[in-house]
Amino acid sequence: MRIATWNVNSIRSRIDRVTAWLERNEVDAIALQETKAREDQFPFDRFEALGYEVAHHGLSQWNGVAVASRVGLSDVQVGFDGMPGWGEPAAAEARALGAVCGGVRLWSLYIPNGRALEDPHLTYKLEWLAALERAASGWLADDPAAQIALMGDWNIAPTDADVWSVAYYEGRTHTSPAERAAFAAVVDAGYSDVVRPHTSEPGTFTYWDYTQLRFPKRQGMRIDFALCSPALAERVVGAAIDREERKGKGASDHAPVVVEIAD
DNA sequence: ATGGTGGAATATCCA
């Protein structure tokens with residue numbers, strides 16, 4: 001089985017590229033982030049035409065997460081226990097959706113950006129990650145053999161190798177010790193990055209800013225991850241980041257990440 | 001080996 005994650009940066013503007021990519025890549029289930037659509041705006045028919053069922057959660061033009069699967073889709077869960085909200089008054093955002101596809105519980109996660117080191121949004125980001133770690137630890141405590149993939153845009157570069165320039169990110173979000181510690185806590189809870197062992201070349205990234213010619217200059221970040229439970233991680237036989245999909249007019253600023261799982 | 005950002009409730013916010 002092949003599973004994938006992709007921050008599409010608007011499903012409506014990206015739908016032709018997404019469906020073309022699905023047809024080329026024989027992916028069985030995919031977690032999508034930043035759909036930027038309400039339920040009534042999501043192009044369900046375009047996925048159904050390719051044999052995918054879709055569970056989507058979107059509340060406004062911001063955020064939005066979905067799971068599409070052609071190997072079954074059940075036990076859909078929107079958000080997770082303890083997930084913090086944002087705003088005044090604080091309200092849950094569309095940043096987490098889980099569903100069971102082909103025997104694997106796939107989570108599509110869009111971790112808050114943080115915006116700036118002194119911004120309340122960074123506090124929100126860290127609290128959101130701490131709550132995710134608590135929930136995900138609980139799932140493994142309940143069932144140590146659980147097949148779980150925490151997939152999505154984590155908005156964190158866990159190591160210095162995951163950014164094109166360490167100096168550039170000094171004083172910015174995505175590389176701060178607090179953010180890296182929050183990411184490491186999820187790893188320590190038992191969820192391992194199954195993509196890195198198969199994509200360890202220096203300069204391997206999943207995201208390149210639209211501005212400043214970041215992509216042609218190969219100035220990106222690795223911020224999209226599939227963190228897998230122990231039982232699922234041991235089934236992983238391959239992984240890839242589809243850098244080609246970042247090319248051309250109408251590309252998302254993120255590349256799709258694909259994981260191959262043995263049956 | 002791409003194209004001087006791009007998406008959305010668009011003239012402003014979000015990434």
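Each chain gets a letter, A, B and so on, in the order the sequences are listed, and its residues count up from 1. Only this structure's heavy atoms are used, side chains among them; waters, hydrogens and symmetry mates stay out.
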Counterpart residues, salt bridge (Lys or Arg N to Asp or Glu O under 4.0 Å), relative to A:Asp142 (two or more places apart): none

According to the interplanar angle, ranging from 0 to 90°, do the rings of A:Tyr52 and A:Phe47 count as parallel (below 30°), tilted (30 to 60°) or perpendicular (above 60°)? perpendicular

Between [atom2] on [N] and [atom1] on [X], what's the gap in Å once rounded to a whole number?
{"X": "A:Gln212", "N": "B:dT5", "atom1": "CD", "atom2": "P", "value": "6 Å"}
{"X": "A:Leu213", "N": "B:dG6", "atom1": "CG", "atom2": "C1'", "value": "14 Å"}
{"X": "A:Glu245", "N": "B:dT2", "atom1": "CD", "atom2": "P", "value": "12 Å"}

Please determine whether a side-chain nitrogen or oxygen atom of A:Arg14 lies at a distance below 4.0 Å from atom OP1 or OP2 of B:dG7. yes

Any A:Lys247 side-chain nitrogen or oxygen under 4.0 Å from OP1 or OP2 of B:dA1: yes

Could you list the donor-acceptor pairs under 3.5 angstrom formed by side chains in residues 75-92 of chain A, with sequence neighbours left out?
unit_1: A:Gln77; atom_1: NE2; unit_2: A:Gly79; atom_2: O; d: 3.1

Nearest-angstrom distance, [atom1] atom, [N] to [M]:
{"N": "B:dG4", "M": "B:dA9", "atom1": "P", "answer": "23 Å"}
{"N": "B:dA8", "M": "B:dG3", "atom1": "C1'", "answer": "24 Å"}
{"N": "B:dA15", "M": "B:dT10", "atom1": "C1'", "answer": "15 Å"}

Under the ring pair (Phe, Tyr, Trp, His ring centres under 6.0 Å) test, which residues partner A:Tyr210, sequence neighbours left out? none

Select from A:Ala251 and A:Arg218 the residue whose nearest nucleotide in DNA chain B is closer to the 5' end of that strand. A:Arg218

Who are the side-chain contact (heavy atoms from CB on, under 4.5 Å) partners of A:Gln212, not counting sequence neighbours? A:Arg214

So, using side-chain contact (heavy atoms from CB on, under 4.5 Å) as the criterion, who are the partners of A:Thr211 when residues are at least two apart? A:Asp209

Given protein heavy atoms under 4.0 Å, the one-letter contact record of nucleotides 8-15 of chain B, with B base, S sugar-phosphate only and - none, is simply SB---BSS

